[in-house]
Amino acid sequence: MSVVQQVKQAAVKAITSLYQIELREESILVNATKPEFEGDYTIVLFAFVKQIKKSPEQLGNELGEYLVQQNPSLFTSFNVIKGFLNLSISNEYWINFLSTNYDNAQFGIKEKNNEKVMVEYSSPNTNKPLHLGHLRNNFLGWSIAEILKANGNDVVKTCVVNDRGIHICKSMVAWQLFGNNETPETKNVKGDHLVGDYYVKFNDAYKKEIDELIAAGKTKEQAEKEAPIMLAAQQMLVDWEAGKPDVIELWKQMNSWVYAGFDETYKNIGSDFDKVYYESNTYLLGKDLVKQGLEKNVFYKKEDGSVWIDLTKDGLDEKVVQRKDGTSVYITQDIGLAEQRQKEFNAKQSIYVVGDEQNYHFKVLKLICQKLGLPSADGIYHLSYGMVELPTGKMKSREGTVVDADDLVAEMINIARQKTEELGKVKDFTEEELIELYKTIGLGALKFFLLRVDPKKKMIFNPEESIDFHGFTGPFIQYTHARIKSILRKTDEVASFGFQVSGSLSLLEKQLAVQLETFPAIIEEAATEHDPSKLAIYVFNIAQTFNSFYSQHSITNAENEEKKMLRLQLATLTAHTLKTGMHLLGINVPERM
RNA sequence: GGUCCGGUAGCUCAGCUGAAUAGAGCAACAGCCUUCUAAGCUGUGGGUCAUUGGUUUGAAUCCAAUCCGGAUCACCA
């Protein structure tokens with residue numbers, strides 16, 4: 001049990017027995033004591049001053065006295081300042097905490113609870129390569145899945161590939177028109193980039209045709225509708241749905257190029273999935289649910305045959321769920337897929353990692369599923385994240401302002417190489433080790449940069465100012481880990497030395513121990529709030545505290561053997577915690593750098 | 001227009017289930033490498049927490065209004 005929990009429990013007991021008042025543990029506010037005051041944890045008394053009808057000072061003194069008396073192994077002393085009861089936790093408690101946990105590489109990871117969670121993330125379109133926005137999605141999705149695993153859940157990672165629709169047809173048409181049978185092999189370019197290039201070519205040609213039509217006297221609207229290349233794309237979609245063999249073949253061909261490209265990128269950035277769905281297989285799902293919904297009067301039919309749901313009572317609008325021609329819309333397949341996955345996994349939570357532009361969509365999806373009575377409905381959670389923008393505004397593929405994922409990753413690795421070479425600390429590394437290290441650092445910097453902020457906030461990425469390697473960054477934490485490992489490599493005493501420390505802890509020794517002790521609680525918080533940034537901030541704080549500790553205390557040349565062992569334990573547990581915490585963000589930590 | 005999200009140091013962000021003098025990083029400035037990795041550490045300066053009003057013993061945090069920025073409200077996905 002965590003210290004904070006123990007404090008709360010003890011406080012509840014104390015208040016009950018002193019004042020005969022029943023309190024819930026949650027109603028007791030326990031904070032870390034501010035550094036300028038004496039103590040480790042602080043109970044804020046104002047909340048129950050009224051109920052108990054005593055002055056905060058009196059209450060604090062009575063409570064403090066009782067707590068110290070009843071829990072001598074936990075509390076050693078207390079002081080009351082205004083409405084704050086500051087409690088000092090005993091040295092023995094921290095020392096005991098360290099000696100029982102320091103060698104546990106799994107520290108912070110919870111036991112399995114067999115609760116199933118589905119995480120859907122990445123979900124790319126097959127008409128263009130991944131860009132910076134997708135990276136935020138992938139890193140978030142992967143991280144939240146790992147965090148939930150660490151919190152005891154049984155996690156299934158899924159991906160829904162949008163492999164059909166008008167946008168794919170655009171790339172196909174452009175390739176037919178301008179491609180000259182070009183392939184990724186003949187052009188020596190990744191398949192997703194090749195297909196993306198034709199998507200751009202389509203839009204260029206489309207724009208040109210519109211201009212020509214306008215010059216010939218058409219209105220802008222007419223021109224947009226009548227441009228031959230757009231008509232060709234629309235025809236291709238019709239042909240695709242009709243299963244026309246040559247269209248299907250081209251579609252399969254081009255998609256296979258894209259998948260080969262995606263696989264390379266995913267492998268590079270560390271994304272993986274337990275199950276991949278393709279919209280070409282799932283886009284017809286949900287039709288039977290529309291029928292059921294009509295029978296249950298959840299949906300209603302208009303005269304023209306289209307099917308709707310009225311969500312005005314829920315503060316939303318009316319929403320179409322089936323077109324008048326009987327075909328389904330986007331949300332219909334999401335409902336169908338939700339049902340299918342319910343049958344497949346029976347997950348308690350379904351987390352959709354999707355940008356905040358779809359907030360409304362997911363509100364509607366959850367409501368509809370609830371109204372249809374799908375068992376998985378209440379567990380639907382939209383992990384909504386803000387767009388990644390450039391200083392100039394949003395990224396626009398048509399304007400060529402998109403930051404390509406592969407390019408960016410390569411650039412980061414390149415910067416990692418430059419900086420590492422400048423420092424010249426790894427001259428004895430083999431070529432393979434260097435390549436590995438540059439990737440670890442470059443990708444670590446990028447992932448940390450994208451994960452350290454609250455997911456729901458939009459963020460600005462400035463490609464001109466490259467991502468920093470100092471301060472609140474991935475490499476800073478990696479460096480701290482490497483430093484510790486360097487010390488531990490030089491000593492193998494830790495595992496064999498059974499010791500008993502009796503002296504007191506220095507300020508920084510204790511601060512580090514106190515922070516390390518909260519790791520399990522931080523993982524739990526990140527999991528319940530679906531927020532990896534909590535973990536990123538925590539890991540940074542640990543590294544910061546360790547570095548201060550490191551600069552003030554010698555570990556291998558400590559004042560005495562006891563201190564040395566204590567510090568080795570602190571360092572070991574710090575290394576484990578940094579490694580685990582970074583792993584949960586999808587970031588590796590090197591042994592040396 | 002309706003709904004939702006955001007506005008905290010020059011910049012990027014924590015803090016937002018109310019509590020002590022609002023915190024980090026970057027940038028600026030001043031120090032610290034014959035001692036475990038200086039991708040580090042220490043210190044200094046830097047704030048009308050968008051504005052106004054309210055609730056409260058106590059508000060960056062809760063409520064209301066206003067201003068600014070964004071998203072969304074398709075028989076698109």
Side-chain angles (χ1 to χ4, degrees), chain A residues 26-27 29 31 33-34 36-37 42 44-47 49-50 56 81-84 86 123 125 162 164-167 279 283 302 304-308 315-331 333-334 355-361 363-364 384 386-387 389 393-394 416 419-420 422-423 425-426 441 445 449 452-454 456-462 465 468-480 482-491 533-534 536-537 540-541 543-544 546-558 567-568 571 592-593:
Chain A
E26 302 87 74
S27 63
L29 182 58
N31 294 334
T33 303
K34 302 241 170 200
E36 55 268 38
F37 302 100
T42 297
V44 183
L45 302 165
F46 299 104
V49 161
K50 251 184 206 162
I81 296 169
K82 292 200 234 170
F84 302 91
N86 301 321
S123 302
N125 290 350
N162 183 0
R164 61 166 288 277
I166 189 72
H167 41 290
E279 285 199 14
Y283 79 110
K302 286 195 179 173
D304 64 1
S306 56
V307 181
W308 295 72
L316 306 175
D317 302 287
E318 293 187 320
K319 184 90 189 166
V320 70
V321 294
Q322 192 174 81
R323 297 190 187 98
K324 63 185 171 203
D325 62 5
T327 58
S328 48
V329 293
Y330 177 52
I331 198 150
Q333 71 167 295
D334 268 354
D356 63 5
E357 65 217 345
Q358 296 202 37
N359 285 352
Y360 182 77
H361 171 79
K363 235 187 227 176
V364 171
S384 165
M387 297 290 105
E389 293 179 9
K394 293 184 93 173
K419 304 228 170 187
T420 307
E422 277 167 29
L423 291 170
K425 295 182 185 178
V426 290
I441 296 173
F449 182 83
R452 68 180 196 180
V453 292
D454 186 344
K456 68 171 181 288
K457 295 206 175 172
K458 74 171 184 202
M459 62 191 300
I460 293 165
F461 175 80
N462 190 344
E465 305 167 10
D468 219 310
F469 282 34
H470 303 271
F472 187 20
T473 68
F476 170 84
I477 295 152
Q478 292 171 322
Y479 173 70
T480 308
R483 256 182 159 181
I484 297 172
K485 288 327 262 298
S486 164
I487 298 166
L488 297 180
R489 236 177 278 123
K490 291 171 187 159
T491 169
S533 74
K534 293 278 192 303
I537 292 164
F540 170 64
N541 287 332
Q544 229 179 1
F546 180 84
N547 282 320
S548 297
F549 158 81
Y550 174 94
S551 69
Q552 282 207 17
H553 303 296
S554 176
I555 295 169
T556 47
N557 289 317
R567 288 176 191 167
L568 281 170
R592 296 174 56 200
M593 69 185 272

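Labels below follow one simple rule: chain letters A, B, ... track the order of the sequence lines, proteins then strands, and each chain is numbered from 1.
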Each nucleotide N or O in nucleotides 22-26 of chain B that has a protein N or O under 3.5 Å away: list the pair and distance.
unit_1: A24(B); atom_1: O3'; unit_2: Q544(A); atom_2: NE2; d: 3.2
unit_1: G25(B); atom_1: OP1; unit_2: Q544(A); atom_2: NE2; d: 3.3
unit_1: G25(B); atom_1: O2'; unit_2: F472(A); atom_2: N; d: 3.2

* Asked: Can you list the residues that meet the side-chain hydrogen bond (donor to acceptor under 3.5 Å, both in side chains) rule with E357(A), with sequence neighbours excluded?
  -> none
* Interatomic distance, I81(A) atom CD1 to L45(A) atom CG [nearest 0.5 angstrom] -> 11.5 Å
* Nearest to the side chain of F476(A), which nucleotide is it out of C41(B), A14(B), U12(B)? -> C41(B)
* Under the side-chain hydrogen bond (donor to acceptor under 3.5 Å, both in side chains) test, residues paired with S384(A) that sit two or more places apart -> N359(A)
* Asked: Which whole-number value in Å describes the distance from K419(A) NZ to G40(B) P?
  -> 10 Å
* Asked: Can you name the side-chain hydrogen bond (donor to acceptor under 3.5 Å, both in side chains) partners of K456(A), sequence neighbours left out?
  -> D454(A)
* Asked: Atom NZ of K363(A) to atom P of C4(B): distance rounded to whole Å?
  -> 6 Å
* Asked: What does N86(A) touch in the nucleic acid at a heavy-atom separation under 4.0 angstrom: a base, only the sugar-phosphate, or nothing?
  -> base
* Could you give the CG-to-P distance, from N31(A) to U17(B), as a whole number of Å? -> 13 Å
* Asked: For C5(B), is chi within 90° of 0 (syn) or not (anti)?
  -> anti
* To do: Please state the C1' separation for the pair A9(B) and G70(B) - nearest whole angstrom.
  => 24 Å
* Separation of the C1' atoms in G10(B) and A28(B), to the nearest angstrom -> 10 Å
* To do: Any chance you could lay out the side-chain contact (heavy atoms from CB on, under 4.5 Å) test for M387(A) and D356(A), step after step, and finish with the verdict?
  => CA-CA 7 Å; M387(A) 297 290 105; D356(A) 63 5; 4.1 Å; yes
* Polar side chain donor-acceptor pair, Y330(A) to N162(A), under 3.5 angstrom -> no
* Could you tell me whether T480(A) contacts a base, only the sugar-phosphate backbone, or nothing, with contacts defined as non-hydrogen atoms closer than 4.0 Å? => nothing
* **side-chain contact (heavy atoms from CB on, under 4.5 Å) against Y550(A), all qualifying residues, sequence neighbours excluded** => R483(A), I487(A), F546(A)
* Residues two or more places apart in sequence or in another chain: which of them pass side-chain contact (heavy atoms from CB on, under 4.5 Å) with K34(A)? -> E36(A), F37(A)
* Identify whether any heavy atom of N547(A) sits under 4.0 Å from a base atom; if not, whether one sits that close to sugar-phosphate; answer base, sugar-phosphate or nothing. => sugar-phosphate
Atom pairs under 3.5 Å, N or O on each side, protein against nucleotides 33-36 of chain B: can you list them with distances?
unit_1: C36(B); atom_1: O3'; unit_2: K490(A); atom_2: NZ; d: 3.0
unit_1: C36(B); atom_1: O2; unit_2: I555(A); atom_2: N; d: 3.2
unit_1: C36(B); atom_1: O2; unit_2: T556(A); atom_2: N; d: 3.1
unit_1: C36(B); atom_1: O2; unit_2: T556(A); atom_2: OG1; d: 3.0
unit_1: C36(B); atom_1: N3; unit_2: I555(A); atom_2: N; d: 3.0
unit_1: C36(B); atom_1: N4; unit_2: Y550(A); atom_2: O; d: 2.4
unit_1: C36(B); atom_1: N4; unit_2: H553(A); atom_2: O; d: 2.5

* Asked: Reckon M593(A) touches a base, only the sugar-phosphate, or nothing at all at heavy-atom distances under 4.0 Å?
  -> base
* Distance under 6.0 Å and angle within 45° of the ring axis: does R452(A) meet both against F472(A)? -> yes
* **Atom pair distance, as rounded to whole Å: NZ in K457(A) and P in C16(B)** => 11 Å
* Asked: Looking at the side chain of K82(A), which of U37(B), A20(B), G69(B) is the nearest nucleotide?
  -> A20(B)
* Counterpart residues, side-chain contact (heavy atoms from CB on, under 4.5 Å), relative to N462(A) (two or more places apart) -> P391(A), E464(A), E465(A)
* How would nucleotides 72-77 of chain B be written as a contact map, 5' to 3', with B for base contact, S for sugar-phosphate-only contact and - for no contact, using protein heavy atoms under 4.0 Å? -> SS-BSB
* Asked: Is there aromatic stacking of F84(A) against A20(B), centre distance under 5.5 Å, plane angle under 30°?
  -> yes
* Asked: Quantified in whole Å, what is the P atom distance between nucleotide U3(B) and nucleotide A60(B)?
  -> 28 Å
* Asked: When all nucleic acid strands are considered with a 4.0 Å heavy-atom cut-off, which category describes S533(A): base, sugar-phosphate, or nothing?
  -> nothing
* List the atom of V320(A), the atom of I331(A), and the distance in Å for their closest heavy-atom pair. => O-CG2, 4.1 Å
* Asked: Looking across every strand, which nucleic acid part, if any, lies under 4.0 Å from I537(A) by heavy atom: base, sugar-phosphate, or nothing?
  -> sugar-phosphate
* To do: Sequence neighbours left out, what passes side-chain contact (heavy atoms from CB on, under 4.5 Å) with S548(A)? Give chain and number order.
  => L508(A)
* **Separation between CZ of F449(A) and CZ of F461(A), rounded to the nearest 0.5 Å** => 6.0 Å
* How far does the P atom of A14(B) sit from the matching atom of G25(B), given to the nearest Å? -> 16 Å
* Within this structure, what is the CG-to-C1' distance between D454(A) and C16(B), rounded to whole angstrom? -> 11 Å
* Interatomic distance, F469(A) CZ vs U37(B) P [rounded to whole Å] -> 22 Å
* Asked: Taking atom NZ of K302(A) as the centre, does the number of heavy atoms from other residues, nucleotides or ligands within less than 6.0 Å exceed 12?
  -> yes
* Asked: Ring of F46(A) versus six-membered ring of G58(B): centres under 5.5 Å and planes under 30°?
  -> no
* Structure fact -> Stems with RNA chain B, 3 or more Watson-Crick or G-U pairs in a row (under 3.5 Å), are B:1-7 with B:67-73, B:10-13 with B:23-26, B:28-32 with B:40-44, B:50-54 with B:62-66
* Would you mind reading off the distance between N462(A) atom CG and C13(B) atom C1', rounded to a whole angstrom? => 16 Å
* **Counterpart residues, side-chain hydrogen bond (donor to acceptor under 3.5 Å, both in side chains), relative to D325(A) (two or more places apart)** => T327(A)
* Nearest whole angstrom, please: distance from the C1' of U37(B) to the CD of Q478(A). => 15 Å
* To do: Please measure how far the C1' atom in C16(B) lies from the corresponding atom in A50(B), and state the result in whole Å.
  => 16 Å
* Any idea which heavy atoms bring V426(A) and M593(A) closest together, and the distance? -> CG1-C, 3.9 Å
